[in-house]
Amino acid sequence: MNASTPAPAPRLLDAIRGPADVQALTPDQLPQLALEIRNELIAVTARNGGHIGPNLGVVELTIALHRVFTTPEDQFVFDVAHQGYVHKLLTGRGGEFFRKLRQTGGASGFLYRAESPHDAFGAGHAGTALSAALGMATARDLRGSHEHVVAVCGDAAFTCGITLEALNNVVSSTKRLIVILNDNEWSIAKNVGAISRYLNRISTNKTYNKLHHDVEAFFTSFPTGVEMNRVYHKWKRETKDFFVESSLFEKFGLRYLGPVDGHNFNALVKNLEFAKHCDVPVLIHVLTKKGKGLEFAINSPEKFHGASPYDPVTGESKKAAPGTPPNYGDVFGHALARFALADRRIVGITGAMPSGTGLAHLAAAVPGQFFDVGIAEEHAVLFAAGLATKGIRPVCAIYSTFLQRGYDQIIHDVALQNLPVTFCLDRAGLSANDGPTHHGLFDLAYLRCVPNATVMQPKDEDELVDMLHTSLQLGGPAFIRYPRGAGTGVPIKAEPALLPVGHAEVLREGSNLMIWALGPMVQDALRLAERLQAEENLSVGVVNARFVKPLDRTLLLSHAACIPLLVTMEDHVIAGGFGSAVLEALQEADCPVAVERIGWPDKFVEHGSNVEILRAAYGLAPDDIYRRVLARWRNLSTEHIAADV
Ligand SMILES: Cc1ncc(C[n+]2csc(CCOP(=O)(O)OP(=O)(O)O)c2C)c(N)n1
C-alpha cells in the first residue's frame, strides 16, 4: 500500500466483542455486519471445511437474537449447534480463534459450555435443544429468576423423537419459553416426513402469509419496548380469531408466530421482541435459505451442509491426492447396492444421512429398497426390527456415535428377539475435527455386552464387503464398525468371501510378542512388529482379530500358552473395548499372560486438526506405542530374570 492508497474501512465485525457491541449498532449497520460475517464464514470454511450452508442461513437470525436478548444472562440453546459459528463470532470468539475453526487450539465446530459462558448448552447430536431449553426454563421458574431461554431448532429437529417428546411437555412445564423453528426445508439432504410436508404447506399457504403480513403491519404501527405489553394484549384481542387454530404447535399449547422472513432484520426483531413479552410459550416459524449469500451453496445444499475445504470462488472441493483410495462409506454403499439388486429382500435404512453413510448409492440403484427415516435413530432400529420379522434383511447404516440413540431398541427389540438386522457403523474411531460429540469411541463397549450380537471390524475395505456379505447370512443381529475416510486401497474382490464367524486371521507369526489388532490398527500393528523386529530383534506376530464377539478364544488361548506378552490395539476406549474382551477371555481360562492394551483413555477426546495430532496428544502416536510396548517387554524380561534368580 502506498501513501495515497486509502486504508480499508475497519470492519464492524472486528469491533464486536460481545452482545453489547451488537446492540450498540444502528439498524442500518446490520446489513453491513451480516455481509462481513458471511465473508468471514466463507473464508474460514473454505480453508478448514465446516458447516457453511447452515451458518450462512442464520446470519440475520443470530444477529437479531443478540439484538433482542443479552447472553449469557439470557440463554440460547442451539440444536445440533453446527449453526453456532455466527453466535461464536458475536460472542468474543472471532479473529485467530475462529480462523482455526475445527483445528487444534481453535474454535470447536459445535458449542460447548467449556468454550464460552455464552454457550448455555453443548451439542453435536440433533434434537436435544427443546428438551434442554425446557429444563433450563423450568429451573429458572423454580428459582424465581427472569432470564429468557430460547431454543433454536432446525426443521429437521422435528423429525427427532426427543423434540416431539419435549413439545408434548412444554405447556405443563413452563409459561415462558421461546422456540425458534429455523425452517430451510433441508436436513443434510432434503428433509423428510409428514412434519416437513406440513411445514412446507404452512410456509406456502396464502392465509398464513397474509396473517404474517397483517401482524407485521400491526407491529410497525407501534413502538417496541415499554409499550409491548399493551401492544401485545391489544393485538391478542384483535387477532384472537385470526390465529390459525389448526397450527400443529397451537395444539401443543405454544403460540405460533410466522412464518417470518429469516433474512429480514425488522421482521425478526419485532417477532422476537413480541415473543419476549409473551406469557405463554411461543414458537416463531422462521424461513431461511440454507447457503444464503453463496450461490453454489444455495444450489447444492447437501454438499455445502458440512463441506470439506473448497474453492471460495467456484465451490469446487479440494481434490484428494491422486491415488487416494475410496472411502469406507462409499465402498459399503456400492457393495450394498450390488447385494440389494441381487436380493430384493435387502433394504438399507438411514437416519437422515444418505450421502454420509454411502446409502445414496443404494438409493440411486434401487430406490424402492432405500429408506431415509429422518433424524430418528431409535425409529430406524425399531423399524428394521419390524422389517426383519417379515423376512426382509435390513441394513441400518448409522454412524457409531448416533447409534448410541438406538441402544434400547438394539437390546429390547433386535437382540432379545434375535432378529437378523445388520448395523453398519461408519465413523468408528475418531472424527478428528468434529470432536467429542462425533468420535465413535464407545460402540464396542456398549455392543459386546449384548447377547446374540456379532460384533466385527474389518482390517480394510475389501474385508468390509466380506463382513457385509457374511452378516447377511447370519440369523441374528450383526454390527460392523469401520473408520471415517479412505480405506487402504486394496482391490475389492469380484465375489465377497464368507468369513468364518468368530475366527481371527494370523497375518504374521511371532514367538516373543503377539499383537492382536482390530480394524485400521492392524496396519499399525504390522509396522510396529516390523520395527520391533528390526530394532530389537524381537519376534513379533500380528493377528487381525476381525471379531470382537464372538472372540477367537481358541487362537487366543493358544497364543497365551506360549507367548509371554500379548498386545491389543484398538481405535476405541480401553474401558470395555476389545482389549477388555481379551482380558476377560484370558481370566476366564485362568491364563496369567501379560497383556498390554493400547486404546483411548477414559476421557472425552477434544477436536483436533487431524487424527495424528490427537493420537500424539494422548500418547498413541506410533512412537509412543513402540516405546510403551518395548518398556513392557523389558520389564517383563527383567521380572522373568529376577524370578529365575
Ligand atoms: C442424532 C443425530 N443424527 C444425525 C446427525 C447428523 N446431522 C447433523 S446436522 C443434521 C441436519 C440438521 O438439519 P436441521 O436441524 O434442519 O438444520 P439445518 O442444518 O438445516 O440448519 C444431521 C442429520 C446428528 N447431528 N445427530
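Numbering of residues begins at 1 and proceeds along the displayed sequence. For ligands, and for the atoms within them, numbers begin at 1 and follow the listed sequence.
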Q.
Measuring only between side-chain heavy atoms, which start at C-beta, is R484 closer than 4.5 Å to H438?
A. no
Between H82 and H51, how do the two ring planes meet: parallel, tilted or perpendicular, split at 30° and 60°? perpendicular
Numbered in order shown, the ligand 1 atoms found under 4.0 Å of a heavy atom of R405 are 1 (C)
- Can you label the angle between the F402 ring and the Y399 ring as parallel, tilted or perpendicular, going by 30° and 60°? parallel
Ranked by distance from atom 6 (C) of ligand 1, the top protein heavy atom is M353 SD, 3.4 Å
min-distance protein heavy atom vs atom 26 (N) of ligand 1 -> A126 N, 2.8 Å
message: Just checking F110 against H607, ring centres under 6.0 Å apart?
response: no
With heavy atoms and a 4.0 Å threshold, my read on which part of Q83 contacts ligand 1 is neither
Angle between ring planes, Y482 versus Y328, binned at 30° and 60°: parallel, tilted or perpendicular? parallel
Per-atom filter on ligand 1: closer than 4.0 angstrom to a heavy atom of P54 are 19 (O), 21 (O)
Within 4.0 Å of some non-hydrogen atom of N184, the atoms of ligand 1 are 18 (P), 20 (O), 21 (O)
Quick note on ligand 1: atoms under 4.0 Å from a heavy atom of G154 include exactly 14 (P), 15 (O), 16 (O)
The protein heavy atom nearest to atom 9 (S) of ligand 1 is H305 NE2, 3.4 Å
The answer for which part of A157 has a heavy atom under 4.0 Å from ligand 1 is backbone
- Query: F158 vs F249 aromatic rings, parallel, tilted or perpendicular, using cut-offs 30° and 60°?
  - Reply: perpendicular
Next on the checklist: Any side-chain to backbone donor/acceptor pair from N433 onto Q103? Under 3.5 Å, distance only.
Outcome noted: no
field: Close side-chain approach of L35 and N39, heavy atoms under 4.5 Å
entry: yes
For atom 3 (N) of ligand 1, the closest protein heavy atom turns out to be E377 OE2, 2.7 Å
If we only consider heavy atoms of I375, is any one of them less than 4.0 Å away from an atom in ligand 1? yes
Polar side-chain atom of E377 near backbone of I398 as donor-acceptor pair, under 3.5 Å
no
Under 4.0 Å from one or more heavy atoms of A156, ligand 1 contributes atoms 13 (O), 14 (P), 15 (O), 16 (O)
Counting heavy atoms under 4.0 Å, the part of F402 that contacts ligand 1 is side chain
Worksheet item: Can the positive tip of K276 be found less than 6.0 Å from the middle of the six-membered ring of F69, inside 45° of the ring normal?
Response: yes
A352 heavy atoms within 4.0 Å reach ligand 1 at atoms 23 (C)
- Between the side chain of D74 and the main-chain N/O of T70, is any donor-acceptor distance below 3.5 Å? yes
- Query: For G124, is the nearest heavy atom under 4.0 Å from an atom of ligand 1?
  - Reply: yes
Here the atoms of ligand 1 under 4.0 Å from any heavy atom belonging to K290 are 18 (P), 19 (O), 20 (O)
So for D155 against ligand 1, with non-hydrogen atoms under 4.0 Å, the contacting part is both
for atom 7 (N) of ligand 1, nearest protein heavy atom and its distance come out as I188 CD1, 3.7 Å
